[in-house]
Amino acid sequence: MDYNFRNIEQKWQQHWAKTDAYKVSNDRTKPKYYVLDMFPYPSGAGLHVGHPLGYIASDIFARYKRLKGYNVLHPMGYDAFGLPAEQYAIEHGIHPADSTRQNIATFEKQLNNIGFCFDWSRRVNTSEPGYYKWTQWIFLQLFGSFYDRSQQKARSIDALQAIFEKEGNQVHPCPGDAALVFSAKDWQSYDHKRRQEILMNYRLAYCGYGEVNWCEALGTVLANDEVVNGVSERGGHPVEKKTLRQWYLRITEYADRLLEGLETVEFSEAMKEMQTNWIGKSTGAEITFKIDSEQGTVPAFTAYTTRPDTIMGVDFCVLAPELSWVLDISSTEQRPEVEKYIAYVKSRSERERMAEKRITGCFTGAYAINPFDENKKIPIYLSEYVLAGYGTGAIMAVPSGDERDYKFAKYFEIPITNILGDLFDGENANPTKDAILVNSGMLDGLPMREAMEVVIDKLQAKGIGKRKTNYRMRDAAFSRQRYWGEPFPITWQDSVAVPLDEKELPLLLPKVDKYGPGPGGAGPLAAIDSWTDRHLETNTMPGYAGSSWYFLRYMDPHNTEAFCDPAASTYWNQVDLYIGGTEHAVGHLLYSRLWTKILFDLGFINFQEPFKKLLNQGMIQGSSRFVYRRHGTHEFISHGLIMGQQVDKIHVDVNIVDGVELDTAAFKQWKNGEFKDASFILEDGKYICGVEVEKMSKSKFNTVNPDVLVEKFGADTFRMYEMFLGPVEQSKPWDTKGIEGVHRFLKKLWRLFFEDEKGAIWTDEVPTKAELKVLHKTIQKVQTDTERYSFNTVVSAFMVCVNELTDLKCHKKQILMPVLIMLTPYAPHIAAELWQVLGGEGEILDAAFPEFNPQLIQESSKNYPVSINGKMRTSMEFPLDADKDSIQAAVLENEVVKKWVDNNPIKKFIFVPNKMINVVI
RNA sequence: GCCCUGGUGGUGGAAUUGGUAGACACGCAGGACUUAAAAUCCUGUGAUCAGCAAUGGUCGUGCGGGUUCAAGUCCCGCCCGGGGCACCA
């Protein structure tokens with residue numbers, strides 16, 4: 001009887017579906033365990049082999065916890081709003097809801113092939129009205145709240161109005177406009193519109209203005225990764241900055257709590273570091289510099305610095321070129337150059353500006369005055385490395401202490417003041433905080449760390465500066481000029497944003513005929529009369545809206561009265577194990593942490609960190625293929641012929657490339673004929689593509705479909721192979737070769753139960769000591785390694801176990817049954833089949849994980865490695881309880897040891913019990 | 001550019017706290033079974049040198065230094081790959 005995985009897997013998948021084996025109840029008598037995967041965006045490309053890596057790991061862990069007696073919540077759903085479906089709609093005229101539904105059907109079929117234990121009755125889909133009703137509802141809570149800094153929590157905006165009525169905003173400074181100060185009397189005198197304007201500056205979800213990548217030719221806003229070398233990836237059209245009205249989430253108010261919360265969760269140190277860096281908390285000072293310009297119309301500006309102690313080393317200042325008053329200080333002579341430079345910067349994306357190695361900049365012709373030395377005139381420059389969005393958009397540059405400032409000074413031949421004494425060598429900036437200051441006037445002789453406080457005190461005393469904590473993090477842009485996202489439950493009345501009543505939710509996305517952009521950069525909804533007639537907000541929410549709270553919805557997915565019943569969220573509580581990629585390190589994870597904290601503050605849930613333990617699955621990388629378009633043409637140059645020509649590098653679908661050779665006919669038809677006009681410059685009659693290993697993703701056209709592998713080898717083999725590939729946290733390029741080894745293992749396991757001629761060969765015999773040792777060694781390894789998420793070594797432990805049982809010719813039920821239980825999380829179908837064959841009672845899914853007995857693997861002696869001077873030369877067997885002296889005597893008598901020691905005196909004899917022996921001569 | 005992460009045989013990887021580098025697989029080579037193939041099984045397999053062989057020597061965890069009786073593991077400096085950098089999700 002052969003291992004017929006197709007029949008077996010079909011049989012058990014049907015059985016488990018029929019018996020609702022994966023249905024989870026909110027049964028509060030059992031201890032709970034919540035295992036969650038980052039849910040996928042259901043792309044048209046379907047599932048690729050990278051997706052299931054994390055899902056298999058979480059499935060194994062969920063099943064393992066079930067064997068250990070927990071009530072395990074392990075749901076799956078879809079992050080179903082997003083750009084690709086909309087782009088597809090624009091290109092093919094198919095409604096995103098329809099294509100999304102189809103894509104989900106494909107995903108689900110593929111997921112079910114792999115045999116996951118998801119409770120599908122809890123499936124969520126962020127694009128369904130029943131779900132996004134609650135996304136909108138939570139948005140209304142954010143809109144209706146502000147952050148009370150004195151209480152360090154979100155509170156209702158109504159409470160704030162009551163406070164304003166009584167005491168103005170003395171106690172609650174305005175986060176959106178620090179200069180705004182008013183009394184109760186002022187407030188009472190303001191009209192409705194003015195009051196709403198002020199409240200907008202406090203709301204956690206608020207409306208403001210922000211810059212976007214605007215492409216006139218496409219009439220739309222582009223994502224950063226849709227812009228390549230300043231032109232659109234699609235079509236190569238110019239892209240420039242445009243300011244649009246946008247919604248934001250006031251995440252900056254939560255910066256400190258987001259930092260503190262990191263100490264309470266089990267994320268990797270790297271992950272915590274990334275989030276900490278993203279938040280970018282720094283302390284320093286804001287310093288006001290007087291401006292000496294031709295016009296004299298702008299009297300001063302404020303710079304933010306983390307190093308106020310270096311104030312006397314400031315040799316120039318740099319402004320972000322997009323500051324509105326830059327031209328007002330430019331001298332007549334410099335003005336043309338300034339205008340040219342501003343135009344240049346306008347064409348550059350923020351990414352490009354920060355990544356630029358070349359030094360660019362321009363002198364304004366104006367000077368700043370050092371606040372502690374009226375005679376020191378400091379030239380004011382513009383440069384793209386200063387961003388308007390960080391700090392005040394102006395910096396004081398200290399070339400002796402900052403590398404970038406140093407290079408800038410050298411490039412523009414600005415004389416450098418050395419305030420570091422011997423610690424500055426004139427060749428490199430030295431960012432030390434431990435120098436004794438020189439050339440610093442009143443600060444001379446002070447250690448830098450002390451000078452910081454002195455300078456801040458003096459600034460505050462003179463009223464020209466203050467201590468300031470700054471965050472690199474900015475408020476999160478929360479609107480998109482798109483169709484396929486949650487509509488905002490907001491109407492505009494006389495320029496005031498008015499929330500819809502809860503009863504009007506969900507505000508349904510209207511049906512449209514075309515999905516193109518609306519007028520003037522607005523989203524498609526702006527082109528729909530029935531929508532604009534009601535003065536509804538025409539932006540939609542971004543992709544991360546629905547994913548910021550979905551883990552709560554799984555707990556109570558069908559509730560029509562609330563986003564989640566508090567009883568359910570109290571029971572299921574935090575996600576115990578959350579698995580997903582590091583690419584979400586700062587986006588999704590920060591946003592969901594923010595939403596959780598706000599919902600906690602407002603009393604809707606009783607925990608403030610969503611994810612207790614985070615496991616980052618590595619990326620399964622794809623092997624991408626590229627074609628090279630000569631810049632500004634439709635001419636494609638084969639990889640070997642580029643020779644430094646200026647080309648646009650474009651991903652091409654790996655499925656129309658054979659090895660590295662492009663199928664040029666298929667390429668012309670690809671992407672709905674986008675490249676139909678392509679011409680090719682070939683080498684040896686072939687178009688050779690470039691190759692790179694990178695993230696496997698639909699947008700890089702390098703995906704591999706798991707269905708093919710499941711069909712050929714079965715789900716159990718596929719699951720185990722994905723785990724066997726390496727540590728789940730580690731990234732690796734996909735490679736199918738090697739899957740046969742895992743398949744052979746399952747066949748070898750099968751042969752412990754069945755033989756070709758004899759058929760069934762298992763027995764009821766009593767196991768030997770050696771067999772029990774194999775079993776318990778395996779129990780120990782499988783348990784400890786599963787618990788430390790080292791699934792790849794568990795797979796090899798199973799292989800070792802089966803190899804050894806085969807060598808021992810062991811076919812005994814008492815050994816095989818516990819092995820099957822352990823194998824269940826990894827290869828559930830074959831385990832269930834063999835369990836039934838052996839006459840196991842009940843469902844193997846609910847069997848008890850075997851108990852490890854350390855006595856059965858106890859050894860009485862150890863084969864010690866014996867080293868001479870740290871180099872292993874031989875090995876010797878000693879009883880575990882042997883003492884050092886007797887071991888030393890025996891070792892020194894050993895022939896190999898004698899040969900190496902060669903009568904030299906023994907300097908040291910190192911014996912580490914149960915580890916090793918080292919003789920030092 | 002900045003932040004994070006990784007680099008071990010031909011390949012994926014193992015080595016859990018500094019203690020026998022290369023477990024387990026893939027591939028490859030040779031063999032058994034077969035008319036043949038597939039499947040299966042067995043043996044070998046880091047490099048290099050000496051030897052008919054058993055065996056033994058040397059080198060070896062990206063590169064260069066260091067700490068230690070002992071370094072893949074710890075420290076310093078570099079090189080290369082991957083992820084993120086705020087509108088891909």
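Just so we're on the same page: letters track the sequence lines, and every chain starts at 1.
- Figure legend. B:G51 is base-paired to no nucleotide; pairs are counted as Watson-Crick or G-U wobble with both atom distances under 3.5 Å.
- Heavy-atom neighbours of A:K407 NZ from other residues, nucleotides or ligands within 6.0 Å: at or below the threshold of 12.
- For the pair A:M916 CE and B:A70 P, the computed distance is 11 Å after rounding to whole Å.
- Here A:K748 does not reach the OP1 or OP2 of B:A39: none of its side-chain N or O atoms lies under 4.0 Å away.
- Using a 4.0 Å heavy-atom cutoff across all strands shown, A:M38 reaches no nucleic acid atom at all.
- In this structure, A:E804 pairs ionically with A:K777, as a charged nitrogen and a carboxylate oxygen lie closer than 4.0 Å.
- Note: CZ (A:R480) to P (B:C87) measures 5 Å, nearest angstrom.
- The side chain of A:T582 sits closest to B:G83 out of B:C41, B:U16, B:G83.
- Taking atom P on both B:C85 and B:C28, the two are 41 Å apart, rounded to the nearest angstrom.
- Side chains of A:Y254 and A:R593 form no contact here, defined as non-hydrogen atoms less than 4.5 Å apart.
- If you check B:U40 for Watson-Crick or wobble pairing at under 3.5 angstrom, you find it paired to B:A32.
- Look at B:G6: its Watson-Crick or wobble partner, with both distances under 3.5 angstrom, is B:C80.
- The side chain of A:K747 places no N or O atom within less than 4.0 Å of a non-bridging phosphate oxygen (OP1 or OP2) of B:A39.
- With B:A25, B:U58, B:C4 as the choices, the nucleotide that has an atom nearest any side-chain atom of A:A270 turns out to be B:C4.
- B:A14 makes up no base pair with any nucleotide shown, lacking Watson-Crick or G-U wobble contacts both under 3.5 Å.
- A:E403 comes within contact range of no nucleotide atom at all, as no heavy-atom separation falls under 4.0 Å.
- Straight-line distance from the CD1 atom of A:I739 to the C1' atom of B:A25: 13 Å, rounded to whole Å.
- Separating the CE atom of A:M799 from the C1' atom of B:A14 is a distance of 13 Å, rounded to the nearest angstrom.
- Of the candidates B:U16, B:C87, B:C69, B:U16 carries the atom nearest the A:D785 side chain, counting heavy atoms from C-beta on.
- Checking B:C24, B:G83, B:A14 against every side-chain atom of A:P727, the shortest atom distance belongs to B:A14.
- Within 4.0 Å (heavy atoms only), A:L725 reaches sugar-phosphate atoms of the nucleic acid but no base atom.
- By the 30° and 60° cut-offs, the orientation of the rings of A:H743 relative to A:F713 is perpendicular.
- In the set B:G19, B:A25, B:U16, B:A25 carries the atom at the smallest distance from any side-chain atom of A:F724.
- Across all strands shown, B:C59 forms a Watson-Crick or G-U wobble pair with B:G46, both key distances being under 3.5 Å.
- Under a 3.5 Å cut-off, the side chain of A:R719 and the backbone N or O of A:A827 do not form any donor-acceptor pair.
- B:G18 and B:U61 have their C1' atoms separated by 15 Å, given to the nearest Å.
- For B:G72, there is no paired nucleotide, since no Watson-Crick or G-U wobble pair has both relevant distances below 3.5 Å.
- Using a 4.0 Å heavy-atom cutoff across all strands shown, A:R873 reaches sugar-phosphate atoms only and no base atom.
- Nearest-nucleotide positions on RNA chain B place A:E269 closer to the 5' end than the other of A:N869 and A:E269.
- Nearest to the side-chain atoms of A:N918 among the listed nucleotides B:G56, B:A70, B:C4 stands B:A70.
- Between A:R788 and the phosphate of B:U17, there is no side-chain N or O to OP1/OP2 separation shorter than 4.0 Å.
- Between A:Q87 atom CD and B:C87 atom C1' the separation is 13 Å, expressed in whole Å.
- Side-chain atoms of A:E583 lie closest to B:G83 of the nucleotides B:C85, B:G19, B:G83.
- A:S867 comes within contact range of no nucleotide atom at all, as no heavy-atom separation falls under 4.0 Å.
- Between the CG atom of A:D807 and the C1' atom of B:C41 there is a distance of 12 Å, given to the nearest Å.
- Within the nucleic acid shown, A:S875 has no heavy atom closer than 4.0 Å to any nucleic acid atom.
- Between A:Q730 and B:U5, a side-chain N or O to OP1/OP2 separation shorter than 4.0 Å is absent.
- A straight line from CG of A:D402 to P of B:G1 spans 16 Å, rounded to a whole angstrom.
- Across the protein-nucleic acid pair, A:I868 atom CD1 and B:G19 atom C1' stand 15 Å apart, rounded to whole Å.
- Taking the six-membered ring where the residue is Trp, A:W549 and A:Y131 present parallel rings, their angle staying beneath 30° rather than reaching 60°.
- Exactly one residue among A:Y544, A:W247, A:Y248 makes a ring pair (Phe, Tyr, Trp, His ring centres under 6.0 Å) with A:F478. That residue is A:Y544.
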Requested in this report: Start with the C-alpha gap between A:Y826 and A:T786, add the side-chain angles, then the distance that decides, and say whether side chain to side chain donor-acceptor pair (under 3.5 Å) holds.
Outcome: CA-CA 10 Å; A:Y826 291 81; A:T786 299; 2.9 Å; yes

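- B:G9 and B:G46 have their P atoms separated by 13 Å, given to the nearest Å.
- Heavy atoms of A:H584 sit under 4.0 angstrom from at least one base atom.
- When the side-chain nitrogen and oxygen atoms of A:N792 are compared with OP1 and OP2 of B:A23, none of them lie within a distance under 4.0 Å.
- At a threshold of 4.0 angstrom between heavy atoms, the contacts of A:N277 are confined to the sugar-phosphate backbone, with no base atom among them.
- Heavy atoms of A:V800 sit under 4.0 angstrom from primed sugar atoms or phosphate atoms, though from no base atom.
- Distance noted for atom P between B:A71 and B:C63: 16 Å (whole Å).
- Across all strands shown, B:C87 has no partner, as no Watson-Crick or G-U wobble contact with both distances under 3.5 Å is found.
- Residue A:W900 is classed as a sugar-phosphate contact, given heavy-atom separations below 4.0 Å to backbone atoms only.
- Classification of the A:Y78-A:F107 ring pair by plane angle, with boundaries at 30° and 60°, yields perpendicular.
- Across B:G13, B:C69, B:A89, the shortest atom-to-atom separation from the side chain of A:K732 is found for B:G13.
- At a threshold of 4.0 angstrom between heavy atoms, the contacts of A:K781 include nucleobase atoms, whether or not backbone atoms are also involved.
- Across B:A89, B:C59, B:A14, the shortest atom-to-atom separation from the side chain of A:K871 is found for B:C59.
- Glycosidic conformation of B:G9: syn, with the torsion inside 90° of 0.
- Residue-level contact check: A:R404 touches neither bases nor backbone, having no heavy atom under 4.0 Å from any strand.
- Using modelled atom types, no side-chain atom of A:E486 and backbone atom of A:Y132 make a donor-acceptor pair closer than 3.5 Å.
- Nearest nucleotide to the A:V212 side chain, out of B:C87, B:C88, B:G57: B:C87.
- In the interface, the side chain of A:Q481 is paired with the base of B:C87 through a donor and an acceptor atom under 3.5 Å apart.
- Contact annotation for A:G82: backbone-only contact, meaning every heavy-atom pair under 4.0 Å involves sugar-phosphate atoms and none involves a base.
- Base pairing of B:U20: no nucleotide in any strand meets the Watson-Crick or G-U wobble criterion (both distances under 3.5 Å).
- Listed pair A:R744 / B:C41 fails the phosphate criterion, with no side-chain N or O lying under 4.0 Å from OP1 or OP2.
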